[in-house]
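Note sheet for the following structure.
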Amino acid sequence: MSADVELKNVWVRFGDFVAARDVDLHIGEGEFFTILGPSGCGKTTLLRAVSGFLEPSDGQVLIGGRDMAGIGPNRRPTALIFQNLALFPLMSVWENITFALEVRGVNRADRRKRATELLELIALPDQGDKMVGELSGGQRQRVAIARALAAEPDVLLLDEPLSALDLKLRQHMRSELRAIQQRVGITFIYITHDQGEALTMSDHIAVMREGVIEQVSDGTTLYDDPGSSFVASFVGENNYFRGTVVDTDVSYTTLDTPSGRFRGRTSKNQSLRKGDDAFVFIRPESIKFDSGLDNSLQARVRNQEFEGNFWQVFLDVEGENKGLKLSTVNDGRHHENISGDTVSVGFNADLAVVLPAGPLAAE
Amino acid sequence: MNWLRTFFRRNGTPLAIFLLCSVLFWMFMMIILPQLFMVDFSLRANVPPPQWGTDTHSYTLEHYKYIVYGSSTSTDQFNTLDMGVFLRTLVAAIFVTLIDLILCYPIAYYLAHVARGGWGRLMVLSLIVPFWINEILRAFSFKVLFGTTGIINNFLVGIGFLDQPYDFIRNDIALWAGLTYAYILLMIFPIYNSVESLDRNQIDAARDLGSPWWRIHWRVVIPHAKPGISSGCTMVFMLTAGALAAPSILGGPSSLWFTQIIYQGFNQASNWARGSAYAIILLLTCIVFVLVVMKVFKVRLGEIAR
Ligand SMILES: Nc1ncnc2c1ncn2[C@@H]1O[C@H](COP(=O)(O)OP(=O)(O)OP(=O)(O)O)[C@@H](O)[C@H]1O
Ligand SMILES: [Mg+2]
């Protein structure tokens, strides 16, 4: 069973502080949906409102079309995987996994059987009799998933479950999670502040800032057509120039900035008028050592970093006190050290996007 | 001896020697030596102090036999009075411990996980402050509360619940209340400490998995708090069984506490030997009882000391 989740004008207030502001979301049945945002933006708060640990101050939460007002976490068709997992350290692995069945009065033999099946699913066969403390971080992670799945929820809620793992394991668990989701076919709502995680796993991503949902879309749209300056600066790396709109139409907008006049695509999601304060965003991989492109500028190379498949080149833009980052594929041509050189770089208007000036993600 | 070397290195030699000596002195002079004297006394004939150490002060088991068989001049075959008091004391101590546990677990849980900020601190303070008052004064205040003209009787008669004052003292209710209250902090704080260290998310996780509140306590909170519960129960049981002030002051005329018999042995009867023997019987029985109960509930000694 799987169910869709709908948040209708949800507000959460803690005294005067607003942790969620008029949140409207529709999460489709069987989707892998991610809520992405910096620390403290209200992600956990939103998840707690869905799981029932917190009643919204205003608005509605519907799961499978049913209004959840007044229904406690123990009676909602959701299961939550906690930020710190919260496994029961005094129970064995199999007792942890089948706790939800124990609650429902399933007898011991049937519980053991189900535990064996779930241990199979999470690729931990024969580990049921261990204590939780004897498992590695990644194994504990999987036990937490199995424990939640044993409750047979319609919606699984995951609160940054990978944040405690090291990088290698995190990358491995990403694909594992995605595979488990596809196998069990239920709705996953996944929370993270790691945009890499969000982009690799999700069907849809909601970007959140200070309690407000800024944009909901799939990963590629988020990356290529950010809906606000915050999304543009938070998702992936981005360079930007700030300036005044001198010319704009449905396709392209031109900005006057202290570093020169730049042209970029007009954002599909926002309207701009002549004279507006705006940003033009360019991805590091879209800037080239080429002066023949739509936009060009002079810059001094501060330093360069070798990353194997990529060179990261950090530039100081002339006329403006700001840095610019350029990534170029290592094709064997840029081996010489060019630190200190003045170079000409440029980018095409199609690969830059112009958005109204607004808040940026913290560096 | 590795720990000793680390101990010396960590504290520096002068401080380490001082700490070691004072701990050893404390253990030996304050705990072991007096107990050894008691054991010695209990195994010797009861003679007046001038004859101590002379031949008449010989070894004997008569004082231990006394609790079972009583005086040789009496007509009864067994000393039913002393044994009865002994058993009653132990059973009463068990009940007081259980009542304390039932009262204190919810309070400790409430303090640790429900009460927030100022309100919780106020509650802790109002639990502690009464204990700044001397134990004997506290016992007397219970006598005032529960007396035939006490506040409780006045109130119950005043609202018409009772026709005439109820004798709480003669019926041992004052004694039970006083004993329950006497060591309540020693139950609350160990439980509070262990419950408090439980990750709140575990409670939430159990709830999220559908668990009703009683099962959350049964499967998650109580197992986690078991060390605190055992150390609280051990302390309350030991101290209640050995209590003297509350039973002497609040006990009804017909109720005798085993410690009162010991007290009589040392004071009124001037029979130090029997007093020592009885005290050691009480001590050993309590220790054995606690160890057996710990075994049954699978608690290790190290956990209690935590
Ligand atoms: N019970 C509460 N009382 C008051 N403020 C709260 C409470 N819970 C959360 N907040 C506030 O709400 C905001 C959002 O908190 P939340 O835990 O949802 O953030 P988050 O996005 O999950 O952050 P992180 O990524 O660090 O986990 C924070 O500023 C936090 O201080
Ligand atoms: Mg959080």
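Values below: every heavy atom of this structure, side chains too, minus hydrogens, waters and symmetry copies. Proteins come first, then strands; the chains are lettered A, B, ... in the order of their sequence lines, and each starts at number 1.
With a 4.5 angstrom heavy-atom cutoff, Leu87(A) touches chain B only via backbone atoms. Looking at Phe82(A), only its side chain comes within 4.5 Å of chain B, counting heavy atoms on both sides. Interface remark: Gln83(A) contributes no atoms to any contact with chain B (heavy atom separation under 4.5 Å). Neither the backbone nor the side chain of Arg104(A) comes within contact range of chain B; no heavy atoms are under 4.5 Å apart.
Counting non-hydrogen atoms of other residues, nucleotides and ligands closer than 6.0 Å to CZ of Arg112(A) gives a total above 12. Other residues, nucleotides and ligands contribute over 12 non-hydrogen atoms within 6.0 Å of the CZ atom of Arg183(A). Under a cut-off of 6.0 angstrom, the local environment of CZ in Phe7(B) is crowded, with over 12 non-hydrogen atoms contributed by other residues, nucleotides or ligands. In Asn134(B), the CG atom is crowded: over 12 heavy atoms of neighbouring residues, nucleotides or ligands sit closer than 6.0 Å. Environment of CE in Met123(B): crowded, with over 12 heavy atoms of neighbouring residues, nucleotides or ligands closer than 6.0 Å. Remark: Arg13(A) CZ is packed, more than 12 non-hydrogen atoms of other residues, nucleotides or ligands lying under 6.0 Å away.
When side chains are defined from C-beta on, Asn84(A) counts as touching Asp199(B), because their heavy atoms get closer than 4.5 Å. Between Gln202(B) and Pro89(A), the closest side-chain pair of non-hydrogen atoms falls below 4.5 Å. Side-chain atoms of His224(B) and Phe88(A), non-hydrogen and from C-beta on, never get closer than 4.5 Å to each other. A heavy-atom distance below 4.5 Å is found between the side chains of Phe99(A) and Arg219(B).
Taking chain B as the reference chain and counting heavy-atom pairs below 4.5 Å, the highest number among Ala79(A), Ala150(A), Gly72(A), Ala151(A) is found for Ala79(A). Of the listed residues Ala86(A), Ala100(A), Pro153(A), the one with more heavy-atom pairs under 4.5 angstrom with chain B than any other is Ala86(A). Between chain B and the residues Glu102(A), Glu95(A), Met91(A), the most heavy-atom pairs under 4.5 angstrom are made by Glu102(A).
Using a cutoff of 4.0 Å between basic side-chain nitrogens and carboxylate oxygens, Asp208(B) and Arg76(A) are not scored as salt-bridged.
Atom CG of Asn74(A) and atom CG of Asp204(B) lie 11.0 Å apart (nearest 0.5 Å). Distance CG/Leu90(A) to CD1/Ile222(B): 12.5 Å, rounded to 0.5 Å.
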